[in-house]
Amino acid sequence: MTVMHVNRNKHTLPISNQPLVLRNGQIVQGEILKIYPDNKAEIRIGTHRFIAETNTPLVIGKRYFFQVSENQNQVIQLKVIADAMKQNVEQNLLQLLDKLGLKANRQVVQFLQTLLNDKIPFTRQQLSQAMNILSSSSIINQDLVAMDVLKEMFVKRFPINENVFRALFSVKTNQFAPLIHQLTNEIQKQPPTEINKQLQNLLEQLFSRPQKNEYSVKHLPTQTISKSELALILQSVARNIFSNESSPISERVAQIVQFLFPSENKLTLQQLSEHIMRLMDHATKIKARAVELLNQIPSTPNGNMTNEQLNQIEKQVQMRFLPLLPESIQHGVFSLQNNFHENQNTMNPLLQILSDDRTYQLLERTLHTLQQGGNEANQFHTLSKSRFLSYIQQFIQSSGMLNEHQIKLNVEQLLVNRSEQPLQQIQSIKTFILNLLLEGNSIVNEKAQPIIHFINGLQLQSVYESHNLLQATLQLPGERFALPKDIFLQFEGKKNEDGKLDPSHCRILFVLHLQNISETVIDMFVQKRIVTITIYNDKIKQSNLTKEKLIPLLTKQLNELNFQLSSVKWKSLSEHQNQPKGYESKTVIETRKEGFDFRI
């Protein structure tokens, strides 16, 4: 059993710790605990007990199958459709299927028993639709995985249909990179088209393996950092400096990044550090010149500035301002000032940033973050973290996981503007593959369709919410980080007042397949900002040196984020596979009538 399989069954789907709300048409199993006068009884479904009005003779200690319904007064009623007291469990299930008018077979009986054991309510229609899916020839020998997927669909109230099932089933049974490689190999055999070229370029960006020195501390000074990676570092530092800023921090950070990267998309760490040090060395003069220039710009629209005023400002920028900047940045600023009349909307915010003391505080702290006091291991850690977060953003956008959301926003914008312009096509893997499917090449489509299912599955499982809990799941290709399999992450916990995951009370799960220590599960539990980590791996005896090196660094980094490391435990994967479920199920019943919960 692989780690991914263990994870999916043990952790990914929190069936047992989700509230259970009874809805019209659902079928549940309950036990009669007590009989009271005035036609009342105490009944237990799962771990929840409640009082019900009864118009049907019931026996204490006996279990029944009930079907939920509502009358005109919105009082929930439980209709007894069969008893569940036969010693042979299979006979009970066969009797229930017979009452529901459904044909029984081994798969259906097994799946029905799973639903009842996990206390998952279901309707006759849902069960019938699940039976049709289970009978599909394409899932032969994968019954358990199919049932696991169907349970997830029941719990999350997804439509029980083939498309949703295929999407979730694909994510459970596939890795992203092999699917992509199969499609790429097939595309390369076909005549080149514009769609093929665009798709292959995008796939190359997302799935190409890093250079050998890209994740090496030895080559740290020559390693590059992109605009998006620097933006993440700046944003993490800027939160404390611009805490009272009315405009979004991301806008200010984007302006600073554009200033530091006037033309290049990437800089080496050494180049970036030199840029920032040059700016810090001349900070006082740069700030003074920026203030002077701002004071010379009239507060009127730029169309009212005379040619003489424009020439004077351009001359001031060229003579007194540009020489203070690093050479590579001078070119970008020179192109702005060279036509100041047209570029005033860009030049003004730049001058305002450079006249602000907080900008230099941000640059100074960023330089400290990048250099880490000369500690190359810490520098490497900072860069790796930034790369990883940047890649997550790039993957979510480029894979197509946000396609439908972006289309919705675009349509809303067109309606607001009353524009008749056609929607601009979103550049993503999903979009290009959908266009590829329209070309009708059956051989290519055979490789392309599973990827559409896979991306749809990533979207469906990405976020799951209940009234006070939030779960977010993400699966990334491991190839970009030289890993042989996908990276799986899951975040689960209480929602705060803003509806976001509360970082003080949550659980984070990482599933990795590492080159040297193979399958690894990292289970991180946070309670009142105290962190407990359990690492499951079958090669933990070889990792004592790693533990000694990494735990102090982890403790330090968590302390900087105002978290406290309680303990790090190392266990074998077999302990992870056999651990009991950590939560008891809860059943939520809506009270509809005073004196009892509902009527039987």
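Note that the coordinates shown come from a computational prediction; the quantities given were computed from them, not determined experimentally.
Formation of a donor-acceptor pair under 3.5 Å by the Ser170 side chain with backbone atoms of Arg166 is not found in this model. Put simply, the side chain of Asn161 gets close to the backbone of Val164: a donor and an acceptor are under 3.5 Å apart. Side-chain atoms of Tyr36 do not come within 3.5 Å of backbone N or O of Ile51 as any donor-acceptor pair. Under the 3.5 Å distance criterion, the side-chain polar atoms of Asp498 are left unmatched by any main-chain donor or acceptor of Lys500. No donor-acceptor distance shorter than 3.5 angstrom exists from the side chain of Gln67 to the backbone of Ile27, with no hydrogens or angles considered. Arg529 places no side-chain N or O within donor-acceptor distance of the main-chain N or O of Gln564, the cut-off being under 3.5 Å.
The salt bridge (charged side-chain N to carboxylate O under 4.0 Å, His left out) test applied to Glu412 returns Lys408, not counting sequence neighbours. Partners of Lys447 under the salt bridge (charged side-chain N to carboxylate O under 4.0 Å, His left out) rule, at least two apart in sequence or in another chain, do not exist in this structure. Residues forming a side chain to side chain contact (heavy atoms under 4.5 Å, CB included) with Ile180 (at least two apart in sequence, or on another chain): Phe176, Thr184, Leu203, Phe207, Ile451.
Aromatic ring orientation, Phe122 versus Phe154: tilted (interplanar angle from 30° to 60°).
More than 12 heavy-atom neighbours from other residues, nucleotides or ligands sit within 6.0 angstrom of CG on Leu561.
Between Leu489 and Ile487, the shortest heavy-atom distance links the atoms CD1-CG2, 3.8 Å.
In this structure the side chain of Phe395 reaches within 4.5 angstrom of the side chain of Leu458, judged on heavy atoms. Residues Lys571 and Ile535 have side chains not in contact (no heavy-atom distance under 4.5 Å, counting atoms from C-beta outward). Two residues are said to be in side-chain contact when any heavy atoms from C-beta on lie closer than 4.5 Å; Leu116 and Phe65 meet this criterion. For the pair Leu470 and Glu492, the minimum side-chain heavy-atom distance is 4.5 Å or more. Contact annotation: the side chain of Asp523 never approaches that of Ile533 to less than 4.5 Å [non-hydrogen atoms, C-beta and beyond].
Expressed to the nearest 0.5 Å, how far CG of Asn24 lies from CD of Gln26 amounts to 8.5 Å. For the atom pair OH (Tyr64) and OG1 (Thr56), the distance works out to 9.5 Å, reported to the nearest 0.5 Å. From Met524, atom CE reaches atom SG of Cys506 across 6.5 Å, with rounding to the nearest 0.5 Å. Arg387 CZ to Ser228 OG: the interatomic distance, rounded to the nearest 0.5 Å, is 11.0 Å. A distance of 5.0 Å separates CG of Leu206 from OG of Ser398, quoted to the nearest 0.5 Å.
Checked by atom type, the side-chain pair Gln113/Glu90 shows no donor-acceptor distance below 3.5 Å. A side-chain N or O of Asn403 and one of Ser428 form a donor-acceptor pair less than 3.5 Å apart. Counting only N and O atoms by type, the side chains of Thr520 and Asn537 include a donor and acceptor under 3.5 Å apart. Side-chain atoms of Asn456 and His453 form no donor-acceptor pair, as typed in the model, at a separation below 3.5 Å. In this structure, a donor-acceptor pair under 3.5 Å is absent between the side chains of Asn196 and Gln190. A side-chain donor from one of His181 and Glu479 sits under 3.5 Å from a side-chain acceptor of the other.
In this structure, Arg507 is not positioned above the aromatic face of Phe525 in the sense of NZ or CZ being under 6.0 Å from the six-membered ring centre and within 45° of the axis. Geometrically, Lys156 engages Tyr464 in a cation-pi contact, judged by NZ or CZ lying under 6.0 Å from the ring centre and within 45° of the ring axis.
Exactly one residue among Arg157, Lys495, Lys494 makes a salt bridge (charged side-chain N to carboxylate O under 4.0 Å, His left out) with Glu465. That residue is Lys495.
Ring centroids of Phe158 and Phe165 are separated by 6.0 Å or more, keeping the two rings apart.
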Stepwise side chain to side chain donor-acceptor pair (under 3.5 Å) check, Asn410 with Gln406: CA-CA 6 Å; Asn410 291 345; Gln406 190 61 53; 3.1 Å; yes
